[in-house]
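All heavy atoms count here, side chains included; hydrogens, waters and symmetry mates do not.
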Amino acid sequence: MLLIRRAVVAALLLLAGERTAASAQASLYLPLDDARLPLLEHLIARGDVADPSPFIRPFRLADAVRVLTAADTAPMTPVGRTIRELRSQFTEDTSRARWSVHARVGGQAYTQKRRDPMHLGGSGTANWYADLALGGVLGPFAVASRPAAEPRLIGDPDWPNTTQEHVTGRLIEGYISGQVRFGSLTFGQLQRNWGPVGVPGIPLSDYGYQRQGLAVELGTQAIRLQAIASDLRSEFEADGDRINRYLFVHRLDARLSRRLRIAVWESSILQGQGRVLETPFANPLSVSFFANTFGINEEGNNVMIGADVHWQLPRFTLQSQLAIDDFLFNKRFEGPDRW
């Protein structure tokens, strides 16, 4: 993790020296379980509101305000009134320093405990729930923390803590994000999904529990580079040897026209005894597929490559995601590729 810490310190020093205008202030990310988001996603899918970041969720609150403001020119039709009403709910203080506190208390009922509906597990029941969302913006920096008490986790096959019997909790999101005009650097955890809206993304999915990591975003609306580096939970061999695991995801997307965007991406998992965050994979400008296949030993590495297409048509949106896994370039006959 020394590499991540050095990158964070360097980026924070750079952002601290950046002179930003009020329009370039930071903004908190809109959580994927925000109650207002499904209606906004419906308007985006219809084409009534522009998608601020196709295939990439979450986006910032400022991005939601921007696209809703641009769409709030329609006449007083049912759709126009819906856009205007939703725009009134998405408000953001533009002062240089601001803070927010939100609390939720309620209940959860479910038929099984695993978050992934395609792989059922854990007996269903009903439990209480509570969380506290703390957020703040200080010029070019946004910070957020949202701890939750969630007894549902007890008995979830994917939850690592198996010692609790009555009450347990988790950090839903906790991050610091430095944002300037042409990019951002975010360290911490938040719920992410890189894929068609409403469908679990292949390179990153919101069905899994959030993990700590360093995310970099650089570019404009025409072309944008995004990368995430994270360490995964270690595994252990039968003899007790610790196996370190790391995840790297890179994505480059381009807007070919007002309605068409395409992107290419790669997702890499490295594992092995004593392995560390290796720079050929952590470097957002490195193509991990070539580093793995033609440069570094392939043992203990798994690289998936893919492409996204986002095509906005009148009244509906076409989104497609393709991935190729286990592509053995040097050992073509040892196993089939998976599409």
Side-chain angles (χ1 to χ4, degrees), residues 23-92 94 117 179 181-184 190-207 215 217-226 249 251-265 306-323:
S23 60
Q25 287 182 354
S27 175
L28 294 172
Y29 286 93
L30 190 63
L32 297 188
D33 60 352
D34 189 290
R36 302 165 295 180
L37 190 57
L39 179 56
L40 177 56
E41 294 287 16
H42 174 68
L43 294 173
I44 291 173
R46 280 174 45 91
D48 299 312
V49 176
D51 193 332
S53 59
F55 279 89
I56 302 298
R57 296 297 187 267
F59 46 74
R60 303 179 309 154
L61 176 60
D63 297 325
V65 172
R66 173 175 55 83
V67 295
L68 283 168
T69 301
D72 190 10
T73 58
M76 290 303 292
T77 62
V79 173
R81 285 193 293 269
T82 301
I83 293 175
R84 196 157 293 117
E85 174 63 25
L86 192 58
R87 171 65 183 88
S88 67
Q89 297 180 22
F90 281 92
T91 58
E92 187 176 36
T94 58
Q179 303 168 12
R181 181 179 179 184
F182 293 114
S184 67
L190 64 160
Q191 199 170 16
R192 300 179 184 273
N193 192 72
W194 287 17
V197 175
V199 178
I202 299 176
L204 282 177
S205 170
D206 59 342
Y207 277 156
E217 185 174 355
L218 183 66
T220 65
Q221 288 295 317
I223 185 167
R224 186 164 293 265
L225 172 68
Q226 293 167 303
V249 187
R251 186 178 190 272
L252 179 65
D253 80 89
R255 183 175 63 186
L256 301 186
S257 69
R258 187 172 63 89
R259 296 182 179 274
L260 180 63
R261 297 187 74 102
I262 63 171
V264 292
W265 54 263
D308 301 339
V309 177
H310 179 276
W311 189 16
Q312 180 64 64
L313 297 172
R315 289 295 177 265
F316 71 92
T317 301
L318 174 64
Q319 297 184 96
S320 177
Q321 186 168 72
L322 170 69

Item to check | For Q319, all residues meeting side chain to side chain donor-acceptor pair (under 3.5 Å), sequence neighbours excluded | outcome: none
Checklist entry - Who pairs with R258 by salt bridge (charged side-chain N to carboxylate O under 4.0 Å, His left out), at least two apart in sequence or on another chain? => result none
Next on the checklist: Going by side chain to side chain donor-acceptor pair (under 3.5 Å), name the residues that satisfy it together with T317, two or more places apart in sequence or in a different chain.
Outcome noted: Q312
Next on the checklist: Using the salt bridge (charged side-chain N to carboxylate O under 4.0 Å, His left out) criterion, which residues pair with R87? Sequence neighbours excluded.
Outcome noted: none
Checklist entry - With S88, which residues qualify under side chain to side chain contact (heavy atoms under 4.5 Å, CB included), at least two apart? => result E85
Item to check | Heavy-atom pair of closest approach, residues P31 and L37 | outcome: O-CD2, 3.8 Å
Next on the checklist: So R259 and P314, do their side chains get closer than 4.5 Å, heavy atoms only?
Outcome noted: yes
Item to check | Least distance between heavy atoms, Q179 atom then S184 atom | outcome: CG-CB, 3.8 Å
Checklist outcome for this item: Taking every heavy atom of P58 against every heavy atom of L190, the minimum-distance pair comes out as CG-CD1, 3.5 Å
Checklist entry - What distance do L204 atom CG and I56 atom CD1 have between them, rounded to the nearest 0.5 Å? => result 8.0 Å
Item to check | Partner set under side chain to side chain contact (heavy atoms under 4.5 Å, CB included) for R66, not counting sequence neighbours | outcome: P52, D63, Q221
Item to check | Those residues that, when tested against Y207, pass side chain to side chain contact (heavy atoms under 4.5 Å, CB included) (two or more places apart) | outcome: D116, P117, P200, S205
Checklist entry - With R36, which residues qualify under salt bridge (charged side-chain N to carboxylate O under 4.0 Å, His left out), at least two apart? => result D34
Item to check | ring-ring contact (aromatic ring centres under 6.0 Å, His included) contacts touching residues 36-64 (sequence neighbours left out) | outcome: none
Checklist entry - Distance from R255 atom CZ to I223 atom CD1, nearest 0.5 Å? => result 11.5 Å
Next on the checklist: So V49 and I83, do their side chains get closer than 4.5 Å, heavy atoms only?
Outcome noted: yes
Checklist outcome for this item: In short, Q321 meets W194 closest at the heavy-atom pair NE2-O, 3.2 Å
Item to check | R57 side chain reached by D206 side chain, heavy atoms, under 4.5 Å | outcome: no
Item to check | Derivation and outcome, side-chain contact (heavy atoms from CB on, under 4.5 Å), residues L318 and V309 | outcome: CA-CA 8 Å; L318 174 64; V309 177; 6.0 Å; no
Checklist entry - Given the rule in the side-chain contact (heavy atoms from CB on, under 4.5 Å) test, do T82 and L43 qualify, once you have shown the distances and angles that lead to the verdict? => result CA-CA 9 Å; T82 301; L43 294 173; 4.3 Å; yes
Checklist entry - Just by distance, do the side chain of N193 and the backbone of V199 share a donor-acceptor pair under 3.5 Å? => result yes
Item to check | Distance in Å, F182 CZ paired with L218 CG, rounded so as to fall on 0.5 Å steps | outcome: 9.5 Å
Next on the checklist: Let me confirm one number: the CG-CD1 distance from D253 to I262, rounded to the nearest 0.5 Å.
Outcome noted: 9.0 Å
Next on the checklist: Holding to side chain to side chain donor-acceptor pair (under 3.5 Å), I want the full list of residues that pass it with R224, two or more places apart in sequence or in another chain.
Outcome noted: E217
Next on the checklist: Test of understanding: with salt bridge (charged side-chain N to carboxylate O under 4.0 Å, His left out), list the residues that count as partners of R46, not counting sequence neighbours.
Outcome noted: D48
Checklist entry - How many angstroms lie between atom CZ of R84 and atom OG1 of T77, to the nearest 0.5 angstrom? => result 8.5 Å
Checklist outcome for this item: The side chain to side chain contact (heavy atoms under 4.5 Å, CB included) partners of P54 (sequence neighbours excluded) come to D51, R261, H310
Item to check | Heavy-atom pair with the smallest gap, counting every atom of W265 and A307 | outcome: NE1-N, 3.5 Å
Checklist outcome for this item: Heavy atoms of I44 and A50 approach each other most closely as CG1-O, 3.9 Å
